[in-house]
Protein chains: 4
Amino acid sequence: MSSERLRVALFGSGRIGHVHAHNIAGHPDLDLAVIADPFLDGASRLAASTGTTAVASTEEALDTPGLDAVVIGSATSTHVELIEAAVQRGLAVVCEKPIDLDLATVRSCRERIAGSRTPIMLGFNRRFDPAFAAVRRRVEAGEIGTLEQLTIISRDPQPAPVGYLASSGGIFRDMTIHDLDMARFFVPDIVEVSAQGSTLFSDDIRDLGDYDTAVVTLRGARGELVTITNSRHCAFGYDQRLEAFGSAGMLSAANLAADTVRFYSASGTEQAGPYLPFFLERYQAAYRAELDAFAAAVRTGTAPSPGFDDGMAALVLAEAATESAAAGKAVNVEGSW
Amino acid sequence: MSSERLRVALFGSGRIGHVHAHNIAGHPDLDLAVIADPFLDGASRLAASTGTTAVASTEEALDTPGLDAVVIGSATSTHVELIEAAVQRGLAVVCEKPIDLDLATVRSCRERIAGSRTPIMLGFNRRFDPAFAAVRRRVEAGEIGTLEQLTIISRDPQPAPVGYLASSGGIFRDMTIHDLDMARFFVPDIVEVSAQGSTLFSDDIRDLGDYDTAVVTLRGARGELVTITNSRHCAFGYDQRLEAFGSAGMLSAANLAADTVRFYSASGTEQAGPYLPFFLERYQAAYRAELDAFAAAVRTGTAPSPGFDDGMAALVLAEAATESAAAGKAVNVEGSW
Amino acid sequence: MSSERLRVALFGSGRIGHVHAHNIAGHPDLDLAVIADPFLDGASRLAASTGTTAVASTEEALDTPGLDAVVIGSATSTHVELIEAAVQRGLAVVCEKPIDLDLATVRSCRERIAGSRTPIMLGFNRRFDPAFAAVRRRVEAGEIGTLEQLTIISRDPQPAPVGYLASSGGIFRDMTIHDLDMARFFVPDIVEVSAQGSTLFSDDIRDLGDYDTAVVTLRGARGELVTITNSRHCAFGYDQRLEAFGSAGMLSAANLAADTVRFYSASGTEQAGPYLPFFLERYQAAYRAELDAFAAAVRTGTAPSPGFDDGMAALVLAEAATESAAAGKAVNVEGSW
Amino acid sequence: MSSERLRVALFGSGRIGHVHAHNIAGHPDLDLAVIADPFLDGASRLAASTGTTAVASTEEALDTPGLDAVVIGSATSTHVELIEAAVQRGLAVVCEKPIDLDLATVRSCRERIAGSRTPIMLGFNRRFDPAFAAVRRRVEAGEIGTLEQLTIISRDPQPAPVGYLASSGGIFRDMTIHDLDMARFFVPDIVEVSAQGSTLFSDDIRDLGDYDTAVVTLRGARGELVTITNSRHCAFGYDQRLEAFGSAGMLSAANLAADTVRFYSASGTEQAGPYLPFFLERYQAAYRAELDAFAAAVRTGTAPSPGFDDGMAALVLAEAATESAAAGKAVNVEGSW
């Protein structure tokens, strides 16, 4: 059976690399051929626990015999180079977001890989969350009539380390980008972006000239209004919710706790546990479903979704949000793709 | 308009008397003519705050000119006498449960008032709770197919004073009787009663030879099974819930908090407030709807429901539960009405 | 006791007039002295059902002997004149929102009544909703740490008649104004307004050059971000929710259904009923509590809250939102009060 | 690493065999050495999909070289024989419930294996459900004070095929036995059993002289009261809930839907999806956690829990329930273990 599996090279053995490594290793249609990371120690430990081998060299990984695909979970700065190298070799690609922090770089990459039919999937994992995916499916099925408003609430449990934040491109490119893609999952054609940022609790983030709190409003081509509410901290866990409001009703997706237990006492009732702490737990099923979709797309020869252009579109929106927040005006993004 | 209102004499100015006094005084179809209580001081204060007069004498109250109805909220030991006096005078009756703690006394009363067409309503207020009434209405409408199981959970916030408990007739006659009537609201024809009692937390109740915790299972004529779970205390408020399970679905009614506010913090999420503390708050709407139903029944000349026989039936079941708990066996109640 | 009650003249016998009339008539501290409306027929019917008299003339109503206060529920165009007339006579005022659709008119009124110590309360009823008030109280008590974000979702069940909408001043002045006041209930000092409007379902509203769908983002002086999501229709009832997010947690207030019943069947589980249809039902308790607060303020000689300046501030924000939506840029409102 | 894993033989390749086969095959500490089933076809297919081999012969399976443990998921009639054979060989055992339908047979088996230190775990999977386990852990931690009442609601989606039911031993031995063990998970020392059965919807079950609907009340040694509500059908999915009520509060565990999506429309609000259909889905995590606990117990040389005696105790309670339902009286089970 092994000969029928897609042989995959994984780039990056950090937090997201771990998720992918275990999911690939346990996937019936995928074979984890190699893990590549210049920090070989971590890669080797991860390789040992997933029954594969580790290498430090990108070239060596790409030259692994019989390779079918690459999963790129390495530093953002390596994404474009790896995508292009994979495309040259005809290897299917899953690339974590963002493609790059610089839109011009992304556009150049896009030109260089234009014409290639290599399948490229962008790692917007949230599209594969069972609840968000179900809301999308039911909206498409017409359960709420015409979609009019989308409300996305997305708060991280706490800010990333300041070192990471310094090179993150700012809240819109680093954090909101997931929500911008979620907006496009429901309203692909966005025409206008308005954003407000604020720094309410983190001196580190203020020192970086970045925001720890933000609101983005998007207008779709049909006039749909999408609201994104972000915070870089959240006392009660990872806050990831969504409401799709339409002419005939509404569909909502809620947060997840570890279990369904509720507590009742003199000080309150129906208390659920804290929400799952962060993306590794909250989107566990989503990361698996993402690989399922990738494997299925490669097998059937259909274009994976979300694709490269979705990655670029989210970045366009993130840039527009950055600009809007600074300038205090709405930014038109028609024709920016 | 006053001439068209039903003129009502209220017996009793205790806790339940207060509820009825204010509800009658504020009711568009009722006129609170007099409040009678041998403890004249309390009655006078209540009368002052509801714009009526107080008397100590039962006879005097019954002889109030133009009287149409009596609401009996006095001590249980006075119920039978007051019912009979009212019936003799042709006054419509609302009587708090129980009719009497002694079934033989109730049966005698029933014989004495037999043939009278005076409307008598038993104060099983919970039948008028908006949620329980809605469940009943929807069960009747067939939403859950055939009713198969009824689950009633009913817990008081804390035990009544030991002085009250000593003359209460025991948990089944005093507390469970409401749940037994609720069972009959859904399954009027009960054929068998099984009960278990336990004393887990109250030495006072143990000393009285009574139970502070109980479970009753009832079998309906079609085989329906009803479960009643009781406790004389509840840390998180007045616990009053119900589930009607049928061949095609289930309908449930939940507890009430003061508002819909939920709290989310590092120690838990979705925490609602404590439930409403006790019957005065929980069944506020029910007490008003009960008077609505009474006024409407008297006006239209239809028999009020629940009526005298429902009061007797609940007592029959309470006696059977008392016997079953003591004897450790199911008690058949067919033909006991 | 009647001599101690505040004697109130009610202006307007329309929908909101009915609410106030019944609440005043049933209020222990208020006495409904007269109802004034040029459409005397409706006023007379309402007066008959609340035990008072009706007049067509404003003057006549204001000259009612022993009058203490006026409740203004008449057409918006009459508000300023009535406020000023009441202030001249030293009558306490409750005035429905908005004071006027024209900010200059409001400012002039304010100048004319400056120096008066007559209590004036603005009818922002939602501040008195038990759930919203509880969230506010608990935020003030520090339960969520420092308030950082406020999310208000507010959707009417369906648009008002086009005749009404034509003179409503547009969605921001007519509908959002309640949410703008709710924002100020939590974040009194707003410095910037950004708004987006869209017309998605109503041709009438489009023809009026108005929006049926809107989003407003407000920035508080400390950087707090408030989001308001509006729609002029909502398939599942009156959608009125709020979340206050802070550094240590979150408090939310939810919609209300008629009862707590939940339905479980093969096609879904835990289904609650539709939400209460509109403001008369949803804010029933709020309207009563508003009068309580008014009566208490007048009695104790404290300034009622919300007051005239709150009414003006909400209008300033509504104008800024109107301007922002048209211009596609944030509008600074510092120093606009 | 393989040499450190426990080598496991699986008996039975039916529905529950499939669950165990995949869980063992994917478990880091277990190695699925062989699958044994006289119906070799099914076993072979299951073996192929889990990367192991299938045999028809029990002996052959037990003689697999290097075997450490057996998982018994074959027909109930084979359980005792397989347990004894495994014990003789010193193989650790996981055995599905019930040990046998006949209590005398179980007692004999117990005598024959007495003295052996072979670890035996009974497959009461629900003890490992994350929510039920969390409630138990929090009860033990004292969150609700002293446990007083336990309410278990347990309904299958639809009856098993009549052929299965005919040899199932009746609802108490076949279905309620899981709930009886859950009762003992919280209240190990049960002293009295009362049961009522009814046949409300299944002619097949009536023809078998069995019940399709049942209620069981258990009394613990400290007077705790446990209520179990069963039905052989449930329109809205697999209904598996529990409430632990104590002197200081309550903990509840709810049903599971496929996702957190809620639907709001003109016909109702907050509608969740149907509950997970049956045990394979509902207890997916529980089956995995059960194997974790087994592997950990074997590794650390501690006795697995629940053990053989828990299996026997549940059967004692099931027999007592059967007797109680038939006789209409409580059955004392003190000293029956």
Side-chain angles (χ1 to χ4, degrees), chain A residues 1-2 22 25-28 48-51 128-139 141-145 240-276 282 284-286 289, chain D residues 1-2 22 25-28 48-51 128-139 141-145 240-276 282 284-286 289:
Chain A
M1 192 162 26
S2 170
H22 287 283
H27 199 286
S49 76
T50 51
F128 300 96
D129 174 72
F132 295 164
V135 171
R136 170 53 153 49
R137 195 165 52 237
R138 293 172 68 174
V139 168
E143 288 195 35
I144 61 165
Q240 297 282 297
R241 291 173 287 152
L242 181 150
E243 286 183 0
F245 173 83
S247 55
M250 183 167 76
L251 286 158
S252 68
N255 284 313
L256 292 177
D259 55 51
T260 64
V261 178
R262 298 266 173 175
F263 180 53
Y264 309 69
S265 74
S267 56
T269 59
E270 304 178 22
Q271 186 182 38
Y275 295 128
L276 293 181
R282 170 65 165 89
Q284 198 175 15
Chain D
M1 190 160 29
S2 170
H22 286 283
H27 199 286
S49 76
T50 53
F128 300 96
D129 174 73
F132 295 163
V135 171
R136 170 53 153 49
R137 193 165 54 238
R138 295 172 68 173
V139 168
E143 288 194 34
I144 62 165
Q240 298 281 297
R241 290 173 287 152
L242 181 151
E243 286 183 0
F245 174 83
S247 55
M250 182 166 77
L251 286 158
S252 67
N255 284 313
L256 292 178
D259 55 51
T260 65
V261 178
R262 300 266 174 176
F263 180 53
Y264 309 70
S265 74
S267 56
T269 59
E270 303 178 23
Q271 186 184 38
Y275 294 129
L276 293 181
R282 170 66 167 89
Q284 198 176 14

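Chain letters run A, B, ... following the sequence lines, proteins first and then strands; every chain starts at 1. Values below: every heavy atom of this structure, side chains too, minus hydrogens, waters and symmetry copies.
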Next on the checklist: Could you work out, with side-chain contact (heavy atoms from CB on, under 4.5 Å) as the rule, every residue matching A/A289, not counting sequence neighbours?
Outcome noted: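 Applying side-chain contact (heavy atoms from CB on, under 4.5 Å) to A/A289 gives A/F128.
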Checklist entry - Excluding sequence neighbours, so at least two apart, what forms side-chain contact (heavy atoms from CB on, under 4.5 Å) with D/T50? => result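 So D/T50 forms a side-chain contact (heavy atoms from CB on, under 4.5 Å) with D/A21, D/H22, D/A25, D/L32, D/I35, D/L46, D/T52.
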Item to check | Minimum heavy-atom distance between D/L251 and A/F263, given as atom pair plus value | outcome: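 Minimum heavy-atom separation between D/L251 and A/F263: CD2-CD1, 3.5 Å.
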Item to check | Nearest non-hydrogen partners of A/D259 and D/A131, listed with the distance | outcome: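 For A/D259 versus D/A131, the nearest heavy atoms are CB-CA, 3.9 Å.
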Checklist entry - Side chain, backbone, both or neither: which part of D/N255 has a non-hydrogen atom closer than 4.5 Å to chain A? => result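 The backbone, not the side chain.
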Checklist entry - For D/R138, what residues pass the salt bridge (charged side-chain N to carboxylate O under 4.0 Å, His left out) criterion, not counting sequence neighbours? => result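 D/R138 satisfies salt bridge (charged side-chain N to carboxylate O under 4.0 Å, His left out) with D/E143 once adjacent residues are dropped.
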Item to check | Residue-level contacts of residues 242-250 of chain A with chain D, using a heavy-atom cutoff under 4.5 Å | outcome: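 Within residues 242-250 of chain A, near chain D: A/A248, A/G249, A/M250.
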Checklist entry - Highest number of heavy-atom pairs under 4.5 Å with chain D: which of A/A285, A/S252, A/A254? => result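 Among A/A285, A/S252, A/A254, the one with the most close pairs to chain D is A/S252.
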